[in-house]
J.: 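Below: one structure in structure tokens.
Indexing begins at 1, ligand by ligand and atom by atom, following the structure's order. Start at 1 with the first residue, then count along the sequence.
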Amino acid sequence: MLQARDCTSPASPYAAEPVKNKSWKKLKTMVHWSPFVVSFKKRYPWVQLAGHAGNFKAGDYGKILKKYCECEHQCLESLMKDSLLRPYVPGYYGVVDKDGDSYNQMDDLLSEFDSPSIMDCKMGVRTYLEEELTKAREKPKLRKDMYEKMIAVDPNAPTQEEHEQKAVLKPRYMQWRETLSSTATLGFRIEGIRKADGSCSTSFKKTRLKEEVMEALKDFVDSNRNILRNYLTRLKELRAALEGSEFFNTHEVVGSSLLFVHDKSELAKVWMIDFGKTVLLPDHGTLNHRVPWVEGNREDGYLWGMDNLINIISQMIEE
Ligand SMILES: O=P(O)(O)O[C@H]1[C@H](O)[C@@H](OP(=O)(O)O)[C@H](OP(=O)(O)O)[C@@H](OP(=O)(O)O)[C@H]1O
Ligand SMILES: Nc1ncnc2c1ncn2[C@@H]1O[C@H](COP(=O)(O)OP(=O)(O)O)[C@@H](O)[C@H]1O
């Protein structure tokens, strides 16, 4: 597991000067935090565990700004009207313009915690939209960056042809990531963890087996069963809310994460985040979220992943 020294910094919503990142460039290997909290009474480092670099800035008190995405804006607006799911997503406060860019303003989920430990779990069996598959067939776009990311993990993963092209197609890369991790077999994967002691890791790309996931979760909560119990209660409540939610039943939820946050008071909560690839189904369609995906049915395996996550945590509590 990577230690804090392996995690690069800074670039934070609270940094006095934005770091000159190639914005939109992926951040995956970075966990950044900064002590430059300007708009908060209580000073705490803000952590971005995954996602696109340069995507976040500080918002009003207790709020953050995430680079505007129309899809996410629409979802968050609908979610604010979904009484069942609203408690499980960051409160949304509309679009804000800052320094020439537009942002979605939402609650900072870390603000109620004292030195929080954080985990990002990407939900579902599929991490790309069906339309990305169609696009890749109609207009194949070779991705050198994804080839580079692939060989960094496993130099033998690309095919002969991919080696020659030094590039791969996006769905191929995404599927490879799904089968390498627990996405394909458990319906969720750990993307990153930052613990209260400052240690952080995004090295879960090969965390695939149930036992490996359990090991990572155990380390995340420092073997504290009370915290696990609190997470379990929250996850079960969230699952019940999802099953009854109009929004959830009518949307394909892809690439969305559960953000786990706890602190030493044993307060432990989970929220749904990242709705950049969550889309309303056409023609009043609905999804079951548990049946296997076959191209065309748009199933995402979200609830199947949730069931597995709940079972794993239950087993950890019993053991
Ligand atoms: O995690 P790694 O292996 O770095 O791969 C990333 C993630 O899957 C991103 O999903 P997420 O944003 O949910 O983390 C995805 O962004 P999209 O959401 O745009 O599909 C990136 O696609 P590109 O942005 O096309 O590079 C892809 O390169
Ligand atoms: N509302 C929030 N409150 C606190 N942290 C957040 C919030 N939204 C996102 N984050 C942090 O930022 C990371 C990336 O968020 P995400 O929405 O997945 O970005 P992207 O769309 O760039 O993938 C998460 O793993 C989490 O650490």
J.: Would you check if the side chain of Asp274 reaches a backbone N or O of Ser257 as a donor-acceptor pair within less than 3.5 Å?
T.: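 A pair under 3.5 Å: no.
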J.: Can you name the atoms of ligand 2, numbered from 1 with element, that are less than 4.0 Å from a heavy atom of Pro90?
T.: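 Once the distances to Pro90 are compared, the set is 1 (N).
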J.: Using a strict cut-off of less than 4.0 Å between a Lys/Arg side-chain nitrogen and an Asp/Glu carboxylate oxygen, indicate whether Lys269 and Glu112 qualify as a salt bridge.
T.: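 Salt bridge: yes.
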J.: Heavy-atom distance to atom 27 (O) of ligand 2: which of Val89, Leu110, Leu49 wins?
T.: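 Among Val89, Leu110, Leu49, the closest heavy atom to atom 27 (O) of ligand 2 belongs to Leu49.
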J.: Polar-atom distance check: Lys149 versus ligand 1, any N or O pair below 3.5 Å?
T.: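 So ligand 1 has an N or O lying under 3.5 Å from an N or O of Lys149.
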J.: In ligand 2, which numbered atoms sit nearer than 4.0 Å to a non-hydrogen atom of Ala50?
T.: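 So the atoms of ligand 2 that pass are 13 (C), 14 (C), 25 (O).
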J.: Just checking Phe188 against Tyr302, ring centres under 6.0 Å apart?
T.: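 No.
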J.: For ligand 2, is Lys66 a contact, meaning one of its heavy atoms is under 4.0 Å away?
T.: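 Lys66: in contact with ligand 2 (<4.0 Å).
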J.: Could you label the plane-to-plane angle of the His251 and Phe247 rings as parallel, tilted or perpendicular, counting under 30° as parallel and over 60° as perpendicular?
T.: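 If you compare the ring of His251 with that of Phe247, the planes turn out parallel.
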J.: Compute the shortest N/O to N/O distance between Lys205 and ligand 1 and return yes if it is under 3.5 Å, no if not.
T.: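 So ligand 1 has no N or O lying under 3.5 Å from an N or O of Lys205.
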J.: Enumerate the atoms of ligand 1 whose separation from the nearest heavy atom of Asp274 is less than 4.0 angstrom.
T.: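 By the 4.0 Å cutoff, the relevant atoms are 13 (O).
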J.: Find all atoms of ligand 1 within a distance of less than 4.0 Å from any non-hydrogen atom belonging to Arg177, and give their numbers and elements.
T.: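 Contacts of ligand 1 toward Arg177, numbered from 1: 1 (O), 2 (P), 3 (O).
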J.: Consider side chain to side chain contact (heavy atoms under 4.5 Å, CB included). Of Leu259, Val270, Ile193, which one does Met119 pass it with?
T.: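 Of all the options given, the one that passes is Ile193.
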J.: Go through it in stages, so that I can follow the logic: the residues are Tyr147 and His163, the test is ring-ring contact (aromatic ring centres under 6.0 Å, His included), and I'd like the CA-CA distance, side-chain angles, deciding distance and then a yes or no.
T.: CA-CA 8 Å; Tyr147 171 82; His163 273 309; 5.8 Å; yes
J.: Taking N or O atoms only and a 3.5 Å limit, does Lys277 qualify as a polar contact for ligand 1?
T.: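 There is such a contact, yes.
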J.: Looking at the rings of Phe260 and Trp271, which for Trp means the six-membered one, are their centres under 6.0 Å apart?
T.: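 Ring centres of Trp271 and Phe260 not closer than 6.0 Å.
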J.: Below 4.0 angstrom from a heavy atom of Asp107, which ligand 2 atoms are there? Numbered from 1 as shown, please.
T.: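 The list of qualifying atoms is 1 (N), 2 (C), 3 (N).
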J.: Only heavy atoms count here, so choose which of Glu132, Met150, Lys170, Lys122 is nearest to atom 25 (O) of ligand 1.
T.: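 The residue whose heavy atom sits nearest atom 25 (O) of ligand 1 is Lys170.
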J.: Distance-only, no hydrogens or angles: does the Asn308 side chain make a donor-acceptor pair with backbone N or O of Leu186 under 3.5 Å?
T.: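 Yes, Asn308 side chain to Leu186 backbone: donor-acceptor pair under 3.5 Å.
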J.: Compute the minimum heavy-atom distance from Trp271 to ligand 2 and say whether it is under 4.0 Å.
T.: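 Not so, Trp271 does not reach ligand 2.
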J.: Give the numbers and elements of all ligand 2 atoms closer than 4.0 Å to a heavy atom of Val47.
T.: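 The atoms of ligand 2 under 4.0 Å from a heavy atom of Val47 are 11 (C), 27 (O).
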J.: Any chance the rings of Tyr68 and His73 have centres within less than 6.0 Å?
T.: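 Close enough - the centres of the two rings lie under 6.0 Å apart.
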J.: Would a distance-only check, ignoring hydrogens and angles, find a side-chain to backbone donor-acceptor pair under 3.5 Å from Asp60 to Lys63?
T.: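 Absent.
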J.: Does Arg143, backbone or side chain, put an N or O under 3.5 Å from an N or O of ligand 1?
T.: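 Yes, Arg143 has an N/O under 3.5 Å of an N/O on ligand 1.
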J.: So, 4.0 Å and heavy atoms of Tyr173: is ligand 1 close enough to count as a contact?
T.: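 It does; at least one heavy atom falls under 4.0 Å.
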J.: Answer whether the closest heavy-atom distance between the side chains of Lys170 and Lys135 falls below 4.5 Å.
T.: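 Counting from C-beta outward, Lys170 and Lys135 never come under 4.5 Å.
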J.: May I ask you to identify, for His52, whether its side chain, its backbone, both or neither come under 4.0 Å of ligand 2 on a heavy-atom basis?
T.: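 For His52, the contact with ligand 2 is made by both the backbone and the side chain.
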J.: Suppose I only count heavy atoms of Asp120 and a 4.0 Å limit; which atoms of ligand 2 are within that range?
T.: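 This gives 24 (C), 25 (O) as the contact atoms.
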J.: Cation-pi between Lys195 and Phe220: NZ/CZ under 6.0 Å from ring centre and within 45° of the ring axis?
T.: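 Here Lys195 fails the 6.0 Å and 45° test against Phe220.
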J.: Could you tell me whether ligand 2 has any atom less than 4.0 Å away from a heavy atom of Asn55?
T.: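 Yes, that is the case, since the closest heavy atom of the residue is under 4.0 Å from the ligand.
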J.: Against heavy atoms of Ile273, which atoms of ligand 2 measure under 4.0 Å?
T.: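 Per the distance check, 9 (C), 24 (C).
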J.: With atoms numbered from 1 as shown, which atoms in ligand 2 lie under 4.0 angstrom from a non-hydrogen atom of Ile64?
T.: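 Counting from 1, the qualifying ligand atoms are 1 (N), 2 (C), 3 (N), 7 (C), 8 (N).
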J.: Which of the atoms in ligand 2, numbered in the order shown and given with their element, are less than 4.0 Å from a heavy-atom of Asp108?
T.: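 By the 4.0 Å cutoff, the relevant atoms are 3 (N), 4 (C).
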J.: Does the salt bridge (charged side-chain N to carboxylate O under 4.0 Å, His left out) test come out yes or no for Arg225 and Glu318, once each step is laid out?
T.: CA-CA 9 Å; Arg225 269 167 217 252; Glu318 281 159 22; over 6 Å; no
J.: Run the numbers for me: atoms of ligand 1, each under 4.0 Å from some heavy atom of Gly255, listed by number.
T.: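 So the answer, numbered in order with elements, is 13 (O).
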